[in-house]
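Written below as structure tokens is the structure these notes are about.
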Amino acid sequence: MKKIIFTILLFIIPLSIHAETSLFSIHSQCLNNSDVSVYINNKKVYGFEEEYYLSLSLIFYVVDDTGRQYYVFQDNPEGNACDGADLRIFERINNKFTYMDTIGWCGPGYPEISFNNNTKEITVKGQAVSRYPEGVIIPLLYVYKNGKVTTIKGYD
Amino acid sequence: MRIAYLVIIITFLNFSYLIAAENEYVIKENNYGVFSKSFIDITSSKNSSKCKINLNNSLLFEETCNSEKDIKLIYFTNFYNKNSETIYFLVFNINNTKLLIMEFNQNITKLKLRNKSYIEWDNSIPEIIANNSEASLTIKKYANNKEVLKYKYKNGSVSKGN
């Protein structure tokens, strides 16, 4: 009995020395190239099914002065039609993680994303290649505010 | 004999910890057609007056702190720069006294720490604007909706007012 207790203590003591508090924990995974899920602190908070996908990439995260968190994930469909696909925007407040809106994206290169704490706006800048006339690079600008994405006129 | 067991196990655990404490952090697992996973786990553990911050079980940095929660991740982004490298930025607020900017580049499934810099700060939320092509950050401080300070971070250096 003493040996069993001693053995248990051997494992518990070092574990307690390395006890950790999570500051940020996010996972995205995809099973069988179709079952996509997002986890926060190992709890599933979002998922969808789409064929020929890889896990979503977290490309932007920020927290505002009220503690509200903003996340932007980029879709990763297989193939090379887009250099990074749609941008899914989420908010997290009081541990509730909510999908808010999506920006349709198929740009060459990554978007440039910034957040203004005063206005609580996320600005997303990028580029697209036009079909007509073919191959012309056009600038893109989106603003996300109050749960909705707006395309700024003159850029679409 | 029991003491010897204890010493061996504690030594082994600490040695494993040291092996993990390099400037590389595994963030992806891929088995194409079956499984893909991206993960970011940032944890804080306090020992005496120091907080150890880990990224995916490897040491990221250590700072003096009163509580594990005095260190907060406030900003994260990643993108391609003009050299087609994937760059990651993490920005932490430390004890409401400074910001720590950490720049990584991604090598397939791993992040490698490239540079880091500190900026004196308080508890306010900065506006951080990334310039993808030159892999720089502009960090602005506001008071009463007015910009009062501006820093530019690039390649581990911080300049004021650019």
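Side-chain atoms are counted along with the backbone in the values below, which use heavy atoms only and exclude waters and symmetry mates.
- The contact list for residues 73-90 of chain B toward chain A, using heavy atoms and a distance under 4.5 Å, reads L73(B), I74(B), Y75(B), F76(B), T77(B), N78(B), F79(B), Y80(B) by residue number.
- Looking at I53(B), the atoms closer than 4.5 Å to chain A (heavy atoms on both sides) all sit in the side chain, from C-beta outward.
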Item to check | Working for side-chain contact (heavy atoms from CB on, under 4.5 Å), residues E112(A) and N131(B) | outcome: CA-CA 7 Å; E112(A) 287 188 343; N131(B) 180 316; 4.0 Å; yes

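- Here the closest non-hydrogen pair linking E20(A) and S45(B) is CG-CB, 3.9 Å.
- Considering only heavy-atom pairs separated by less than 4.5 Å from chain A, the leading option among E68(B), K69(B), K28(B) is E68(B).
- Taking the side chain as every heavy atom from C-beta outward, E29(B) and S55(A) never approach each other to under 4.5 Å.
- No side-chain donor from either of S22(A) and T43(B) sits under 3.5 Å from a side-chain acceptor of the other.
- At least one donor-acceptor pair closer than 3.5 Å links the side chain of N132(B) to the backbone N or O of P111(A).
- Contact count versus chain A (heavy atoms, under 4.5 Å) is highest, among L55(B), V91(B), I125(B), for I125(B).
- The parts of L58(A) that come within reach of chain B are both its backbone and its side chain, each placing non-hydrogen atoms under 4.5 angstrom from that chain.
- Between atom CZ of residue F35(B) and atom CG of residue N32(A) there is a gap of 10.5 Å, rounded to the nearest 0.5 Å.
- Here F24(A) contributes atom CZ and I40(B) contributes atom CD1; the two are 5.5 Å apart, rounded to the nearest 0.5 Å.
- Contacts between I113(A) and chain B at a heavy-atom distance below 4.5 Å involve the backbone alone (N, CA, C, O).
- For residues 70-78 of chain A, a heavy-atom distance under 4.5 Å to chain B picks out E78(A), given by residue number.
- Between the N117(A) side chain and the E127(B) main chain, no donor and acceptor come within less than 3.5 Å of each other.
- In this structure, CG in N33(A) is found 7.0 Å from OG in S36(B), a value given to the nearest 0.5 Å.
- From S114(A), atom OG reaches atom CG of L137(B) across 11.0 Å, with rounding to the nearest 0.5 Å.
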